[in-house]
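Below: one structure, written as structure tokens.
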Number of protein chains: 2
Amino acid sequence: MQNKITKTLKAIADPTRREIFHALVVAACAMPITQVSSQFNMSRQGVTKHLRTLEDAGLVLIQTKGRERFCYANTAPLKEINQWLKFYEKFWDDSLQNLGTYLEGKS
Amino acid sequence: MQNKITKTLKAIADPTRREIFHALVVAACAMPITQVSSQFNMSRQGVTKHLRTLEDAGLVLIQTKGRERFCYANTAPLKEINQWLKFYEKFWDDSLQNLGTYLEGKS
DNA sequence: CAAACAAGCAACTATTTGGTTGCTTAAAAT
DNA sequence: ATTTTAAGCAACCAAATAGTTGCTTGTTTG
């Protein structure tokens, strides 16, 4: 349904999800869901939903071990966002002045 | 209500909005709303709503001239996303291998 | 085996989002 | 001065989102 970059952007557009993702990145080791959710002022199910969104975007990988499900951050999908941004870097710092130029010509 | 980066990310998380933004960037000149909306298979009001979201994120600047409202892209807010990404660049390419290492230690 | 624990599933709710249409206002053109 | 045009506003709608709770399932552990 949604393409990859849209999924990734939507995943990180939510501040709670950015926090969850960040926590997993800095943890540098896999964590079972309960342990993740214990760090947030939210029900386990709430966190699970966010984790699923992140997993769907590939930003979190989950591996089952017995009754536990270990979550781990994967930053790779962020590369695509970086690529997307690269195109617009060319336009940084000259947008406003162009607007000025254009509007002057009009008046 | 929402902080800046969240607004920016939400704005570009929508594919239609990314298209509108892109069209304005490559146009390199300000365009009245009707002209923007003519490029999309959507009502003018639909496009206007998206433009407002983009404007609220600072990605589009709008200046009124008579009965027209000229829209212009401003890429500056993307810098903040770039900053956000920078932190995670450090972790690119080693996420998966760390997971492997961790899980091996567990078994 | 029984108790405790990790997590999934389903149902429900409120809010936000992406879109529409109809009507009004104000500026420009004829 | 009338008509056309640009755009705003408001109301409405369906679908998605962010969250909750209650219950079940399956794995550990005592």
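Within every chain, numbering begins at 1; the chains are lettered A, B, ... in the order of the sequence lines, protein sequences first and strands thereafter. Bear in mind the structure is a predicted one, so any value in this text is a computation, not a measurement.
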[X] [atom1] - [N] [atom2] separation (whole Å):
X	N	atom1	atom2	value
A/D56	D/dT17	CG	P	10 Å
B/F70	D/dA6	CZ	C1'	11 Å
B/E19	C/dG18	CD	C1'	14 Å
B/R69	D/dC9	CZ	P	8 Å
B/K49	D/dC13	NZ	P	13 Å
B/D14	D/dA16	CG	C1'	12 Å
A/I20	D/dG19	CD1	C1'	12 Å
B/Q2	C/dT15	CD	P	16 Å

Would you kindly check whether a donor in the side chain of A/Q45 faces an acceptor in the base of D/dG19, or vice versa, at under 3.5 angstrom?
no
Please state whether the base of C/dG8 and the side chain of A/R44 form at least one donor-acceptor pair under 3.5 Å?
yes
Is there a side-chain contact between [X] and the phosphate of [N], meaning an N or O under 4.0 Å from OP1 or OP2?
X	N	answer
B/T34	D/dA7	yes
B/R67	C/dT24	no
B/R17	C/dG18	yes

Where the side chain of B/N74 meets the backbone of B/L61, is there a donor-acceptor pair that is under 3.5 Å apart?
no
With sugar-phosphate meaning primed atoms plus P, OP1 and OP2, does [X] contact a base, only sugar-phosphate, or nothing at under 4.0 Å between heavy atoms?
X	value
A/G46	base
B/T48	sugar-phosphate
A/S43	base

Nearest heavy atom decides the nucleotide; on that basis, is A/N41 or B/I33 closer to the 5' end of DNA chain D?
B/I33
With DNA chain D as reference, determine whether A/M42 or A/K10 sits nearer its 5' end, using the nearest nucleotide of each.
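In this pair, the answer is A/K10.
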Would you call the rings of B/Y88 and A/H22 parallel, tilted or perpendicular, where under 30° means parallel and over 60° means perpendicular?
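Rings of B/Y88 and A/H22: perpendicular, as their planes differ by over 60°.
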Derivation of the side-chain hydrogen bond (donor to acceptor under 3.5 Å, both in side chains) call for B/R44 and B/S38
CA-CA 8 Å; B/R44 175 181 52 89; B/S38 72; over 6 Å; no
Is it true that B/N3 and B/T6 share a donor-acceptor pair across their side chains at a distance under 3.5 Å?
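Judged by distance alone, the side chains do pair up.
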Could you give me the CA-CA distance, side-chain angles and deciding distance for A/M31 and A/F70, then say whether side-chain contact (heavy atoms from CB on, under 4.5 Å) is met?
CA-CA 5 Å; A/M31 240 187 286; A/F70 288 87; 5.7 Å; no
